[in-house]
Amino acid sequence: MGTRCIHGGDTVDAATGAVMPPVVTSTTFRQPAFGEPGPYVYSRASNPTRDALERCVADLEGGARALAFASGMAATATVLELLDAGSHVIAPADMYGGTLRLFSQVRTRTSGLQFSFVDFTDLAEVERAIQPNTKLLWAETPTNPLLQILDLAGTVRLARECGALVAVDNTFATPCVQRPLEFGCDIVMHSTTKYLGGHSDVLGGLNVVADAELGKEMVSMRSAVGGVAGPFDAYLTLRGVKTLALRMERHLSNTAAIARWLDEHPKVVQTHFPGLESHPQHELAKRQMDGFGAVVSFVLSGSVDGVGRFMNSLEVFTLAESLGGVESLAGHPATMSHSNVAPERREELGIVDNLIRLSPGIEDVDDLLADLDKALAAV
Ligand SMILES: Cc1ncc(COP(=O)(O)O)c(C=O)c1O
């Protein structure tokens, strides 16, 4: 994987030999003769810098084709464009709040899609939700913010029976840890804003498609709707991907050490991390993933005031939205990523007000543990 991050998709510029592809800002391309366009016509359809990023990530995920978007949400929205009005989608109740908002508040109203949100860790519940018009099973694993692990092979079996597509938000895992297409899934979606970009300096999204025909359909939908990644963003993201495997090694080891430490801490009521033997899907995670991902969430004991004291005492971790950058971030799902989910619904799902989500970066783990120790002492 380390080699493929650097050489995957052969991103050396064929025209000049530049080892990093040039940032091609031109929006349009000269046509050699009337009726005979060259390989590039107009940048909304395709662009050489964006193509290089797409070839590299298609290689990492083992897909026929990848498509880069302006954000993770633009990538997700374009998956929905493959569906006709009246189609039914099954998705996990626990998933990124922005995806939940797009599905339940936007596309239900504007595209006539129907959604069922289920406990996706229970495949019997997913099966019970299948309807004659079910066209897509949308999975996110590990889930945001509770780090549940969903069974990809089992989901594919159900989808094959009802003729639906399976799309997986693989943002939390990255292709270094989990490659859903190997389990028969049809589409992998990434917010490249997170680990793939890796430096908290570029927003982006990607869909990788297993089948070339489906890839063509998605290219056509992306051109129609227009949420493409710009060339500078594509360049920065590709630059990030080059070090993905190296960064993930450190993210994974730091997070595993922090999760074990938190799990033992007297001020922590519950630790959500699939690498812990106590995690309900630990065995599944071992089968499905190479490592356990690099996000950990935990419930702080005591009143909700303690969350503020914890956050305000952190010095190495930064209180901020997002995850997956080289710097460690601490987030509060109830007021950040899941603030658009109704409080009663959050409580039902386990996204309690005392839940804190950490995205350990690649700093020295001893400094991260000392920072958490000091902040927990202040609670
Ligand atoms: C799991 C997951 N999917 C999708 C998104 C949306 O990505 P973006 O912010 O790049 O639009 C996020 C953002 O936090 C996320 O955490």
Side-chain angles (χ1 to χ4, degrees), residues 53 57 61 66-80 89 91-107 117 120 138-150 152 167-175 177-178 180 185 187-208 222 225-230 233-234 236-237 240-241 251 255 272 274 289 293-297 318-325 327 329-341 349 351 355-360:
L53 167 66
V57 182
E61 288 284 6
L67 294 91
F69 293 84
S71 68
M73 289 318 303
T76 301
T78 306
V79 173
L80 298 185
V89 180
D94 180 47
M95 63 176 179
Y96 170 57
T99 310
L100 186 66
R101 175 173 58 181
L102 174 70
F103 287 7
S104 62
Q105 294 176 30
V106 182
R107 291 310 179 93
F117 300 101
F120 222 111
W138 177 272
E140 175 183 301
T141 181
T143 61
N144 181 1
L146 296 176
L147 289 314
Q148 293 175 343
I149 305 299
L150 312 185
L152 294 177
V168 182
D169 184 335
N170 204 30
T171 300
F172 270 34
T174 81
V177 171
Q178 176 175 270
C185 301
I187 300 166
V188 169
M189 175 267 157
H190 280 284
S191 165
T192 59
T193 314
K194 316 299 191 231
Y195 295 102
L196 268 59
H199 296 73
S200 305
D201 58 2
V202 56
L203 204 67
L206 254 160
N207 288 329
V208 188
R222 182 180 63 175
V225 179
V228 294
D233 290 359
L236 266 183
T237 305
V241 170
H251 279 298
T255 308
H272 300 283
M289 304 165 76
V295 180
V296 54
S297 58
T318 301
L319 170 61
E321 300 257 8
S322 204
L323 58 115
E327 66 290 300
L329 300 181
H332 183 234
T335 55
M336 293 177 164
S337 58
H338 290 69
S339 57
N340 50 49
V341 180
L349 293 171
I351 307 171
L355 183 76
I356 292 171
R357 192 189 73 191
L358 300 180
S359 166

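Because the structure is predicted, anything quoted here is derived from the model rather than measured. Only heavy atoms go into these numbers, but all of them, side chains included; no hydrogens, no water, no symmetry mates. For ligands, and for the atoms within them, numbers begin at 1 and follow the listed sequence.
- Side chain of T192 to backbone of L206: no donor-acceptor contact under 3.5 angstrom is found.
- Protein heavy atom in closest approach to atom 10 (O) of ligand 1: T193 OG1, 2.7 Å.
- Scanning the protein for heavy atoms near atom 6 (C) of ligand 1, the closest one is Y96 CE2, 3.5 Å.
- Near G72, meaning under 4.0 Å from one of its heavy atoms, ligand 1 places the atoms 7 (O), 8 (P), 10 (O), 11 (O).
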Go through E327 and T318 one step at a time and tell me if the side chain to side chain donor-acceptor pair (under 3.5 Å) criterion holds. CA-CA 8 Å; E327 66 290 300; T318 301; over 6 Å; no
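- Here the shortest heavy-atom distance to atom 9 (O) of ligand 1, taken over E140, K194, M73, belongs to K194.
- Residue A74 places every heavy atom at 4.0 Å or more from ligand 1.
- Applying the 4.0 Å criterion to heavy atoms of G204 picks out, from ligand 1, the atoms 10 (O).
- Of the residues L147, T171, L358, the one that meets the side-chain contact (heavy atoms from CB on, under 4.5 Å) test with V295 is L147.
- Between the side chains of N340 and Q105, not a single donor N or O lies within less than 3.5 Å of an accepting N or O.
- Distances below 4.0 Å separate heavy atoms of N144 from the following atoms of ligand 1: 16 (O).
- The aromatic rings of F117 and F103 lie parallel to each other, with less than 30° between the two planes, well short of the 60° mark.
- Counting only distance, with no hydrogens or angles, the side chain of H338 and the backbone of N144 share a donor-acceptor pair below 3.5 Å.
- For R357 (side chain) and L146 (main-chain N/O), no donor-acceptor pair under 3.5 Å exists by modelled atom type.
- The protein non-hydrogen atom at the shortest distance from atom 2 (C) of ligand 1 is D169 OD2, 3.4 Å.
- Checking only distances, F172 never comes within under 3.5 Å of ligand 1, N or O to N or O.
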